[in-house]
Amino acid sequence: MRSDIIEQLFAKYYNELILYMLSVCRDTHLAEDIVSEAFFKALMSADDDIKNVKPWLITVCRNEYFSYCRKHKRENAELNESIPDDNEPLLDKIIKDEEYRALYRTLSLLSPEYKETLTLFYFSGMSVKEISAITDKSEDNVKVMLHRARKKLKEILEVTE
């Protein structure tokens with residue numbers, strides 16, 4: 001890939017990838033590191049025949065995060081409890097609309113699978129088929145997870161009103 005194309009892809013998808021990684025790992029610095037590393041790895045191994053760049057980049061980010069978790073499993077368990085949540089300023093920059101910001105914050109109360117599925121569907125604009133490919137789950141399973149996640153989200157929002 002040429003460097004100008006790489007720069008365009010980075011500019012186009014960086015915020016969405018950061019938002020996705022924040023929903024997964026809840027650590028601004030880790031999300032930035034993983035997205036940068038994933039971009040580097042993805043673009044170094046990229047072919048010109050990639051049809052859907054966005055799902056492909058999200059998959060690379062997801063795999064990079066899981067690799068990081070495997071390497072730092074013990075350290076993560078100890079650190080996650082002591083790290084303050086400093087995602088708010090970055091979230092405010094990425095999510096401009098206040099309603100979406102409140103919804104995104106509410107998503108943090110869901111299980112990681114539900115949170116990931118809803119984030120990919122609503123914030124990243126991915127289709128059920130694309131989410132299925134990214135998460136290695138069947139399309140029917142993704143649909144069921146979306147339904148259950150929406151239901152759980154509705155319950156949470158009704159309680160907080």
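Note that the numbering runs from 1 along the sequence shown for the chain. Quick note: numbers below take in every heavy atom, side chains included, and nothing from hydrogens, waters or symmetry partners.
Residues T117 and T135 have side chains not in contact (no heavy-atom distance under 4.5 Å, counting atoms from C-beta outward). Looking at V24 and T119, their side chains never come closer than 4.5 Å, going by heavy atoms from C-beta outward. At least one side-chain heavy atom of R150 sits less than 4.5 Å from a side-chain heavy atom of Y122. K154 has its side chain out of reach of K151: every pair of non-hydrogen atoms, C-beta onward, lies at least 4.5 Å apart. The shortest distance between side-chain heavy atoms of V128 and F121 falls below 4.5 Å.
Rounded to the nearest 0.5 angstrom, M21 CE and L30 CG are separated by 6.5 Å. A distance of 12.0 Å separates NZ in K12 from CG in L17, rounded to the nearest 0.5 Å. Rounding to the nearest 0.5 Å gives a distance of 4.5 Å between CD1 of I134 and CD1 of I58.
Side-chain atoms of T59 and R62 form no donor-acceptor pair, as typed in the model, at a separation below 3.5 Å.
Between I34 and C61, the closest heavy-atom pair is CG2-O, 3.7 Å. Across all their heavy atoms, A149 and L110 have their closest contact at O-CD1, 4.3 Å.
Hydrophobic cluster membership is shared by L153 and L109, with clusters built from Ile, Leu, Val, Met, Phe, Trp and Tyr side chains linked at under 4.5 angstrom.
Between K54 and E130 there is no salt bridge, since none of the side-chain N atoms of the basic residue sits less than 4.0 Å from a carboxylate O of the acidic one.
Counting only residues at least two apart or in different chains, side-chain hydrogen bond (donor to acceptor under 3.5 Å, both in side chains) contacts with residues 137-147 comprise E113-K137.
Ring geometry for Y65 versus Y68: interplanar angle under 30°, hence parallel rather than tilted (30 to 60°).
In F66, the CZ atom is crowded: over 12 heavy atoms of neighbouring residues, nucleotides or ligands sit closer than 6.0 Å.
S23 places a side-chain N or O within 3.5 Å of a backbone atom of Y20 that can act as its donor or acceptor partner. Checking side-chain atoms of S67 against main-chain N and O of N63 turns up a donor-acceptor pair under 3.5 Å.
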